[in-house]
2 protein chains.
Amino acid sequence: MNPLTAHIATALKEARELKSLTQRGLSARSGVPQAKISRIEREGADMQITTLISLARALDLEVELVPRKALPALETIVRSTATTWSDPGKRFRDLRQALQNVTTPDIPSTTLEELQSHIRMLANFPPTAEVMAEVKSFTTWLSKAKSPDLATFDRHAREIKRLRNELAHARLPDSPPRPAYSLDDEDDDDA
Amino acid sequence: MNPLTAHIATALKEARELKSLTQRGLSARSGVPQAKISRIEREGADMQITTLISLARALDLEVELVPRKALPALETIVRSTATTWSDPGKRFRDLRQALQNVTTPDIPSTTLEELQSHIRMLANFPPTAEVMAEVKSFTTWLSKAKSPDLATFDRHAREIKRLRNELAHARLPDSPPRPAYSLDDEDDDDA
DNA sequence: AAAATTGATATCTTTTTGAGTATCAAAACA
DNA sequence: TGTTTTGATACTCAAAAAGATATCAATTTT
C-alpha cells in the first residue's frame, strides 16, 4: 500500500462501507470504474484529483486542505459529527436478551453458546459502524420474528462470527477497549 | 479555471502566499516543477494526488476527506487556528503615527499624502495576512531607522499601493468591512 | 541603469491514469 | 444446491500528467 496515499485510500473505503455501498454501487454513483476503485482501496493507487473528488462527492465527502495545526480539532469535529450509536452497551445487552428468549429447538446449543461468546467479545471492543449495524439488525429480527427460521438465524450467526474474526485479527488502535459514547443516533441502516 | 479543482487551487495559492513563498521556493520544497505550480494555481490544472500531497506537505497542510456535515465546523476551526492579528486597527494607527513622525525632507509631500490615503483605505478592509505583514514590517522599519533612506521608504510605499490596488480591484466577500478580531499574534514575519 | 527574480508559457519525452471490458474465486443468497 | 453478487486482477488504447528545460515580460532589487 502506497504510504503517501494510504490515508486517503482507507478513508474512502471506510466511507463507502459506512454507507453500505458496494464498489460497483460507488462506481455507478461516481462514474469511476469498479476496477479502479478496487486498486485505490487496496493498493492506494495514485489517481488524479478529479477522480478523488468524484469519489468523495459520491460519498458526501469533500477534499480539503487542512492546516496541520487544525488536525486534532478536525478529528474531534468529525467524530462528533459522524453517525454514532447511543449507548452501544445497551444494544449488546438487548441482543443477548433477545437471544435468551429464543426457544426454537432447531438451534443447536453449541451454536448458540458460540454465538453468545462472540457477542460478548464484540461488546468488549470499540464499536464500529459495521458491527453496530449488524447488532441492531439481528436484534430487530429476533424480536420481530415469531418463529425464527434457521437459515436467517444462521446468516446472522455467521455475520457475527465474521465480525468477531475481523476484529480479532485486526491491529488494535491504541485506544481503550470501551470508550464512553454519548451522541445521538441517526438510524440510517436497515430494519 | 477548472471549477472542480478551483477550491484546491485557490487554497494552495493562498497558503503559499501566506508563507511568503515564491513558486520556485515551493517547487524546491515540494519537488514539483515551478511550471506545474503556475498551471495549477491559475488554471486549476488537474494533478495526481501524490502531487497534491507533496505541495500540501510543503505548506504544512494535509489533504483530508471531510464529511459535508462537518464543513461548517471545520471552517470555524481553521479560522480560529489560523494566524491572525490582535487589534488590526491599532496596527494601522501605529503605522500612521510613525509616518507622522517622519521628517526626512527628501520625501515629496505628495507621495506622503498619497501613502496615507492608501493606508486609510486598507484599514477599512478586512485585514489580510499579506496586508498586516506589510503594515507591521513598515512600522517596525520606520520606528527603527534613525534616518530612513528614500529607497526603502519607496519600496514600502509601492507595496502599500500595490496592496491597495489589489484590494480595490478584488471582488469583495459578503462579510462586513471590519469584523472584530481578537485572537493572539504569532509574529512569524520579518523585522 | 543593470542584474536578478517572479510568474506565465511552450516544447518534448516518459510514465501513469482513465475508461472500457473481461475473467475469476470467494462469499452471499435463495 | 445452484445462482448472484462482490471484490480482485488482467489487458487494451487513448488521454493526461510528470518531469525536464527553456524562454519571456514585468517587477523587484541592488
Side-chain angles (χ1 to χ4, degrees), chain A residues 1-2 4-5 8-9 12-14 16-17 19-28 30-55 130 133-134 137-138 141 149-163 165-166 190, chain B residues 1-2 4-5 8-9 12-14 16-17 19-28 30-55 130 134 137 141 149-163 165-166 190:
Chain A
M1 170 86 97
N2 183 345
L4 259 187
T5 58
I8 288 168
L12 283 175
K13 179 168 186 174
E14 281 177 359
R16 177 177 65 80
E17 288 177 343
K19 283 195 140 39
S20 309
L21 273 174
T22 65
Q23 290 183 346
R24 281 183 173 84
L26 176 57
S27 171
S30 62
V32 178
Q34 178 264 327
K36 192 164 297 296
I37 295 176
S38 173
R39 285 223 139 72
I40 290 168
E41 286 187 356
R42 61 188 323 277
E43 302 173 18
D46 205 353
M47 71 195 102
Q48 320 216 186
I49 56 170
T50 46
T51 301
L52 177 60
I53 291 172
S54 300
L55 290 173
E130 211 182 359
E134 170 58 21
S137 159
F138 197 178
W141 178 79
D149 65 289
L150 197 55
T152 307
F153 185 90
D154 237 54
R155 182 142 33 89
H156 280 295
R158 262 183 290 128
E159 175 66 1
I160 291 286
K161 184 175 182 178
R162 186 183 72 77
L163 289 168
N165 288 336
E166 210 166 71
D190 54 343
Chain B
M1 170 85 96
N2 183 345
L4 258 186
T5 59
I8 289 168
L12 283 175
K13 179 167 187 175
E14 282 178 358
R16 177 176 66 80
E17 288 177 343
K19 284 194 137 43
S20 310
L21 274 174
T22 66
Q23 290 183 345
R24 279 183 174 80
L26 176 56
S27 172
S30 63
V32 178
Q34 178 263 328
K36 192 164 297 294
I37 295 176
S38 173
R39 285 227 139 70
I40 290 167
E41 286 187 357
R42 51 190 331 276
E43 303 173 18
D46 205 354
M47 71 196 102
Q48 320 215 170
I49 55 171
T50 47
T51 300
L52 177 60
I53 290 172
S54 300
L55 290 173
E130 212 181 359
E134 169 58 22
S137 158
W141 178 79
D149 64 290
L150 198 55
T152 306
F153 185 90
D154 237 55
R155 184 143 32 91
H156 280 295
R158 261 182 291 128
E159 175 66 1
I160 291 285
K161 184 175 183 178
R162 186 185 72 78
L163 289 168
N165 287 338
E166 210 166 71
D190 55 344

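It should be emphasised that the depicted structure is a prediction, and the values quoted were computed from it without experimental measurement.
- Atom pair A:Lys13:NZ and D:dT6:P shows a separation of 15 Å (rounding to whole Å applied).
- Residue-level contact check: B:Arg42 touches the backbone only, with heavy atoms under 4.0 Å from sugar-phosphate atoms and none from bases.
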Going through the distances and angles, do B:Arg16 and B:Glu41 end up as a side-chain contact (heavy atoms from CB on, under 4.5 Å)? CA-CA 10 Å; B:Arg16 177 176 66 80; B:Glu41 286 187 357; 2.7 Å; yes
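- Checking the phosphate oxygens (OP1, OP2) of D:dA16, no side-chain nitrogen or oxygen of A:Gln48 falls inside 4.0 Å.
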Would B:Ile40 and B:Ile8 satisfy side-chain contact (heavy atoms from CB on, under 4.5 Å), going step by step from the backbone distance to the final call? CA-CA 9 Å; B:Ile40 290 167; B:Ile8 289 168; over 6 Å; no
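- For the residue pair A:Val32 and A:Ile37, the shortest heavy atom distance occurs at O-CD1, 3.7 Å.
- Put simply, CD on A:Glu43 is 13 Å from C1' on D:dG7, counting in whole angstrom units.
- Of all the residues in residues 30-40 of chain A, A:Gln34, A:Ala35, A:Ser38, A:Arg39 reach under 4.0 Å from DNA chain D with at least one non-hydrogen atom.
- Between A:His156 and A:Phe138, the two ring planes are parallel [angle under 30°; tilted spans 30° to 60°].
- In this structure, A:Met47 atom CE and D:dA16 atom C1' are separated by 16 Å, rounded to whole Å.
- Residue A:Leu21 contributes atom CG, which lies 16 Å from atom P of D:dT5 at whole-angstrom precision.
- Rounding to whole angstrom units, CD of residue B:Gln23 and C1' of D:dT28 are separated by 16 Å.
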Evaluation steps, side-chain contact (heavy atoms from CB on, under 4.5 Å), between B:Leu12 and B:Leu52: CA-CA 9 Å; B:Leu12 283 175; B:Leu52 177 60; 3.9 Å; yes
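- The footprint of chain A on DNA chain C, defined by a heavy-atom cutoff below 4.0 Å, extends from C:dT17 to C:dC29.
- Rounded to whole Å, atom P of D:dA18 lies 8 Å from atom CG of A:Asp46.
- If you check the side chains of A:Gln23 and A:Gln34, you find a donor sitting under 3.5 Å from an acceptor.
- Computed from coordinates, the B:Arg24 CZ to D:dT23 P distance equals 13 Å when rounded to whole Å.
- Between the side chain of B:Ser30 and the backbone N or O of B:Ser54, no donor-acceptor pair lies under 3.5 Å.
- Checking B:Thr51, B:Thr5, B:Asp46 one by one against A:Gln48, the side chain to side chain donor-acceptor pair (under 3.5 Å) holds for a single residue, B:Asp46.
- Proximity of B:Asn2 to B:Glu43: side-chain heavy atoms (C-beta onward) are nowhere separated by under 4.5 Å.
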